[in-house]
Amino acid sequence: LVCQAPVGVDDGAADDDVLLRGACWQLQRARGAGRNAQRCAAVLLGAPVAVVLAEIERRRAHVQDAVLDVRRADDVARADLVAFLAADACADQAVLIPELLKGLPFSVFATSSIDALIHAIESSLSPKASATTKLFGYQAIAWILKGYLAIRDQGPDARFPLLSQFLLASNYAGIAFGNAGCAAVHALSYPLGGKYHIAHGVSNAILLVPVMKFNEPAIRGKLAAAYDRVVHGEKTCTTEEEKSAWVVNRMGEIVRHLDIPTSLTEFNVPKEDLEGLVEAGMQVTRLLVNNMRVVTPEDARAIYSQILH
């Protein structure tokens, strides 16, 4: 087999793809081939949910500065994902390979898969969501939650027969958020990955419940509908408020059961960095506009304060 183009193993989004195409583009531009030369790169995407994105956050900042010429990225905590806006920064072909997940440590699997779950949740709640994107998002949520229930009841090894299901769920969630976008969880998590090198799935999981509690008054009806959709058998909640609270609490139980941290304590993030986090998070307007409730600096400060204890 002769490889005639870059091949990347990625998480189902455009992260490493952007880096590979950007490098190809830079090389071709130096040779006078022009901007469209980046289409020469055919990238294989394998093993969605398998990549921890903290390192990519750092390298993406360099791509933005040196390749896409968008902005200086000396402060990687403020580096937004402008690379995603490159029109040609998408793989030519994608192949889903569940076998690549078999050797993945459970801790990485847990944080990566919950990132996919958050992709599905945020995109399904996005004001940009359509009936089509919701079909993909809701199915991804159902598959991932079904897998988590198996892991809860049978232990971590229960994931192995379900790797194809998790893989496809991540892909579906990618389709959903690729069109409808993510929101405040991802927006506020980027500074944590860029500056403190906290794995992307971990920072998202830490922020999931605080952001959901903040959003709850604006999405109560949708969370109640989610309760009706996912809870089978005897339903103990009757009012919208009860159903909505049940969903938010269940998200917290999932994070704890997967043994993912729920605060920044173990990452030695000083409380003195609070204002810097607020400033950096509020700059990710591309995602904040998708949040169902407007996030002000005061709101961001309150959310970060909850996880800095």
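What you see below is based on every heavy atom in this structure, not just the backbone, and it leaves out hydrogens, waters and symmetry mates. Residue numbers run from 1 in the order of the sequence given.
Atom CG in L308 sits 9.5 Å away from atom CD in E272 (nearest 0.5 Å). Note that CG of N291 and SG of C182 are 11.0 Å apart. Values are rounded to the nearest 0.5 Å. For the atom pair CD1 of I206 and CG of L188, the computed distance is 12.5 Å after rounding to the nearest 0.5 Å. For the atom pair CD1 (I303) and CZ (F214), the distance works out to 5.5 Å, reported to the nearest 0.5 Å. Of the inter-residue distances, the one linking Y172 atom OH with L168 atom CG reads 4.5 Å to the nearest 0.5 angstrom. Within the model, atoms CD1 of I114 and CG of L208 stand 6.0 Å from one another, a figure rounded to the nearest 0.5 Å.
Around the NZ atom of K213, the shell of radius 6.0 Å holds no more than 12 heavy atoms that belong to other residues, nucleotides or ligands. Annotation: D259, atom CG; neighbour count of heavy atoms from other residues, nucleotides and ligands within 6.0 Å does not exceed 12.
Two different hydrophobic clusters hold V289 and V185 under the rule that ILVMFWY side chains link at heavy-atom gaps under 4.5 Å.
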**Request:** Take R301 and E275 through the side-chain contact (heavy atoms from CB on, under 4.5 Å) test and state the conclusion after the steps.
**Result:** CA-CA 7 Å; R301 186 174 295 107; E275 292 307 314; 2.8 Å; yes

**Asked** Run the side chain to side chain donor-acceptor pair (under 3.5 Å) check on D115 and S112 step by step: do they pass?
**Response** CA-CA 5 Å; D115 181 36; S112 299; over 6 Å; no

**Request:** Check the pair L207 / I118 against side-chain contact (heavy atoms from CB on, under 4.5 Å), numbers first and verdict last.
**Result:** CA-CA 10 Å; L207 282 160; I118 297 169; over 6 Å; no

**Item:** side-chain contact (heavy atoms from CB on, under 4.5 Å) between N179 and T132, worked out
**Value:** CA-CA 10 Å; N179 288 278; T132 302; over 6 Å; no

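Every residue meeting the salt bridge (charged side-chain N to carboxylate O under 4.0 Å, His left out) condition with D273, not counting sequence neighbours, appears here in chain and number order: K195.
Residues K102 and E99 are not paired through a salt bridge, judged by the lack of any N-O separation under 4.0 Å between the basic side chain and the carboxylate.
A cation-pi geometry, defined here as NZ or CZ lying under 6.0 Å from the six-membered ring centre and within 45° of its normal, does not hold between R159 and F166.
Here the closest heavy-atom approach between residue K134 and residue S124 is recorded as CE-O, 3.9 Å. When all heavy atoms of I307 and P210 are compared, the closest pair comes out as CG2-CG, 3.9 Å. The heavy-atom pair separating A218 from R293 by the smallest distance is CB-CB, 4.0 Å. The heavy-atom pair separating P191 from G281 by the smallest distance is CG-N, 3.7 Å.
Applying side-chain hydrogen bond (donor to acceptor under 3.5 Å, both in side chains) to T238 and the options E240, E242, E241, K235 leaves one that passes, E242.
W246 and Y227 have perpendicular rings, their planes meeting at more than 60° on a 0 to 90° scale where under 30° would count as parallel.
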